[in-house]
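Below is one structure, written out as structure tokens, with a few remarks after it.
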Amino acid sequence: MSTRPLETKVQKLITEDLSAMGYDLVRAQLTSGGQYMTLQIMAERMDGAAMTVDDCVKISHAASTNLDADPDMLDRYT
């Protein structure tokens, strides 16, 4: 099963919020396997500073909020 349409949807769901938070989305990748797909989000800080664990936590929480609110994504990824 191709995950490309879902990756495109994920990008649309999270790009605006990440941008407002000061991050550029580099890539959102879904890999299948097991009961759930694994979502990997790659982002960069707009100010050019190095990414920190706190940045990753902020991005993860923002993305989860948007994705969990979408019926097509609910319970489909980890």
Tell me which donor-acceptor pairs under 3.5 Å the side chains of residues 10-21 have, and how far apart each pair is, sequence neighbours excluded?
| residue | atom | partner | partner atom | Å |
| --- | --- | --- | --- | --- |
| Thr15 | OG1 | Gln11 | O | 2.5 |
| Asp17 | OD2 | Asn66 | ND2 | 2.7 |

Closest non-hydrogen atoms of Leu67 and Met73, given as atom of the first, atom of the second and distance, are O-CB, 3.4 Å
Taken in chain and number order and not counting sequence neighbours, the residues that satisfy side-chain hydrogen bond (donor to acceptor under 3.5 Å, both in side chains) with Gln40 are Arg27
Report task. With side chain to side chain contact (heavy atoms under 4.5 Å, CB included) as the test, would you mind laying out the steps for Tyr23 and Arg45 before giving the verdict? Result -> CA-CA 4 Å; Tyr23 302 100; Arg45 290 176 56 126; 3.7 Å; yes
Honestly curious: do Met51 and Leu39 fall in one hydrophobic cluster under the side-chain, below-4.5 Å linking rule?
yes
When rounded to the nearest 0.5 Å, the distance separating CG of Leu30 from CD1 of Ile41 is 9.0 Å
Do Tyr77 and Thr31 touch side chain to side chain, with heavy atoms closer than 4.5 Å? no
CG of Leu6 to CG of Asp72, rounded to nearest 0.5 Å, is 7.5 Å
Notebook entry, point to check: With no hydrogens and no angle check, is any side-chain donor or acceptor of Glu44 less than 3.5 Å from a backbone partner on Asp24?
Noted result: no
Worksheet item: Between the side chain of Ser60 and the main-chain N/O of Cys56, is any donor-acceptor distance below 3.5 Å?
Response: no
